[in-house]
**Q** 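Quick one: this structure, given as structure tokens, is what I'll be asking you about.
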Protein chains: 2
Amino acid sequence: MGTKERRQREFNEREELFLNVALELVRSNGLLNLQMSRLAEKAEYAVGTLYLHFDSKEDLVFVRRHPDYFRVAQYTLCEVSWKATSAERRQHFLEANDPLVEIVSGIVEDARRSGDLPPGGATAQELAVGVWALCGGHQQLAHAEGLMADITITDPYRLMCRHLIALLDGFGWKPLSDPNDLGAIDALIARVQREVFNEECDVTR
Amino acid sequence: MGTKERRQREFNEREELFLNVALELVRSNGLLNLQMSRLAEKAEYAVGTLYLHFDSKEDLVFVRRHPDYFRVAQYTLCEVSWKATSAERRQHFLEANDPLVEIVSGIVEDARRSGDLPPGGATAQELAVGVWALCGGHQQLAHAEGLMADITITDPYRLMCRHLIALLDGFGWKPLSDPNDLGAIDALIARVQREVFNEECDVTR
DNA sequence: GCCACGTTTTGAATTGAATTCACAATCCTG
DNA sequence: CAGGATTGTGAATTCAATTCAAAACGTGGC
């Protein structure tokens with residue numbers, strides 16, 4: 001019975017199409033101006049079809065996992081829309097984050113095992129939350145146009161890295177570095193970018 | 001010419017009324033369910049009157065400075081609504097934050113002068129941004145129901161304090177404390193609450 | 001090939017809320 | 001107290017999300 005499977009595949013492809021078109025629209029007009037009818041039109045399907053895939057607009061936005069993820073995550077986490085979202089989607093979001101939590105926790109545990117991080121105290125997850133919060137908070141501030149400029153901050157992402165270093169230093173994570181040594185930080189950023197992300201990702205944007 | 005002034009006063013009082021009723025509604029039904037027509041009705045004025053005071057709903061929400069400030073600030077800073085807001089309101093928001101920036105910068109400078117904080121390196125404002133980001137990020141995560149529970153974090157605000165301590169320790173701000181000494185942290189929280197906030201503010205909520 | 005039936009897709013109609021604006025009410029001034 | 005200016009009103013408009021009855025399509029049996 002291959003028909004059913006083909007159907008399913010086509011359905012998935014259409015969903016993918018919707019998501020891609022949505023992404024395009026979000027990129028050019030912003031999340032706020034995303035309109036279901038325009039999205040449907042641009043994808044060359046009827047609005048109703050869109051609603052076969054997504055329960056609501058929130059739902060549509062929620063599904064995206066992508067380079068623009070940060071922006072969506074911020075919107076999603078914003079209490080207002082968090083509460084507007086169905087419990088299933090929230091669960092989905094939380095579960096989608098699990099692997100990340102795993103990875104980060106693993107890194108923390110490795111560090112502890114190897115003695116880079118003093119034993120006892122914060123659990124791996126507690127530490128991870130701090131990093132997550134710091135990144136999210138910086139992201140939020142960095143995107144509020146004019147805010148950083150107002151307090152004469154240039155290069156907000158480098159600043160974020162400095163704060164991350166300070167935070168981890170505060171937990172005694174070795175090697176300790178100086179959050180004020182800009183040269184060393186730039187070198188570190190460059191190295192991580194090269195060795196971990198294989199140049200694919202420009203952290204400074 | 002006292003009439004004009006009375007008028008102005010009455011206008012201001014009405015604005016205050018609108019804001020109070022709005023706050024009530026937000027508290028009972030959430031920010032998302034705030035409806036202009038219901039607000040007008042509850043305040044016993046016409047919708048049009050509401051619009052004499054506020055250009056839009058965003059505008060109304062923006063104006064509030066209050067214990068629920070965090071929630072509103074989060075919504076405000078969320079890129080999506082930040083961009084939807086008029087440039088004037090944004091400017092207003094930024095200016096309203098200036099005194100806070102001043103205060104925090106002052107504290108940082110005092111610390112540097114007294115030798116508690118090593119000289120050089122991050123500017124006071126850069127340091128302040130880190131604290132702001134960390135608080136905002138924690139706030140965001142803490143309010144996303146289920147998220148903290150999912151990764152077995154209890155007492156997210158205490159955790160936030162631990163991370164703040166770690167961050168400042170990382171910058172070498174004396175006295176250095178151990179972000180893992182929970183007893184000391186609780187004592188510190190209690191002390192700050194007592195001496196600075198005069199018990200008026202329950203930080204643990 | 002063609003019909004009947006279930007399934008999928010459609011988009012016009014509905015709904016719900018923000019915002020506007022022509023008119024009404026009120027206030028002020030000479 | 002007339003009448004022009006200012007302020008307040010809420011029905012009407014607008015705009016976008018969501019629904020749902022009907023059309024189009026696919027499938028298996030004859």
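Here is the naming used below: chain letters follow the sequence lines, and residue numbers restart at 1 for every chain.
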**Q** Any salt bridge between A/R14 and A/E10, counting N to O under 4.0 Å?
**A** no

**Q** Rounded to the Å, how far apart are A/L50 CG and D/dC20 C1'?
**A** 16 Å

**Q** Tell me, which pairs form a ring pair (Phe, Tyr, Trp, His ring centres under 6.0 Å) where one or both residues lie in residues 6-37 of chain A, sequence neighbours left out?
**A** A/F11-A/H53, A/F18-A/Y45, A/F18-A/H53

**Q** Is there a donor-acceptor pair closer than 3.5 Å between any side-chain N or O of A/D169 and the backbone N or O of A/L176?
**A** no

**Q** Round to the nearest Å and state the distance from A/E13 atom CD to C/dT9 atom P.
**A** 13 Å

**Q** Hey, are B/Q8 and B/N12 close enough side-chain-wise for a donor-acceptor pair under 3.5 Å?
**A** yes

**Q** Looking at A/Y51 and A/S56, what are the two nearest heavy atoms and their distance?
**A** CE2-CA, 4.3 Å

**Q** OP1 or OP2 of C/dT9 sitting under 4.0 Å from any side-chain N/O of A/R14?
**A** yes

**Q** Sequence neighbours left out, what passes salt bridge (charged side-chain N to carboxylate O under 4.0 Å, His left out) with A/D116? Give chain and number order.
**A** none

**Q** For nucleotides 10-15 of chain D, read 5' to 3', which letter fits each nucleotide if B means a protein heavy atom sits under 4.0 Å from the base, S means only the sugar-phosphate is that close, and - means neither?
**A** B-----

**Q** Could you check A/F11 against B/L34 and say which one's nearest nucleotide on DNA chain C is further toward the 5' end?
**A** A/F11

**Q** Atom CG of A/N33 to atom P of D/dA16: distance rounded to whole Å?
**A** 9 Å

**Q** Please enumerate all residues that pass side-chain hydrogen bond (donor to acceptor under 3.5 Å, both in side chains) together with B/R7, with sequence neighbours excluded.
**A** none

**Q** Find the distance A/Q8:CD to C/dT8:P and express it as a whole number of Å.
**A** 10 Å

**Q** Salt bridge or not for A/R9 and A/E5, using N-O below 4.0 Å?
**A** no

**Q** For B/H138, give me all partners under ring pair (Phe, Tyr, Trp, His ring centres under 6.0 Å), at least two apart in sequence or on another chain.
**A** B/H163

**Q** Roughly, in whole Å, what's the span from CD in B/E10 to C1' in D/dT6?
**A** 14 Å

**Q** Can you tell me the distance, in whole Å, between the CD atom of B/E15 and the P atom of D/dG8?
**A** 12 Å

**Q** Measure all distances between protein nitrogen or oxygen atoms and nitrogen or oxygen atoms of nucleotides 25-27 of chain C, and list the pairs falling under 3.5 Å.
**A**
from	atom 1	to	atom 2	distance (Å)
C/dC27	O3'	B/R7	NH2	2.6

**Q** Please state how far atom CD in B/E44 lies from atom P in D/dG8, giving the value in whole angstrom units.
**A** 16 Å

**Q** To the nearest Å, give me how far apart CG (A/D55) and C1' (D/dT18) are.
**A** 11 Å

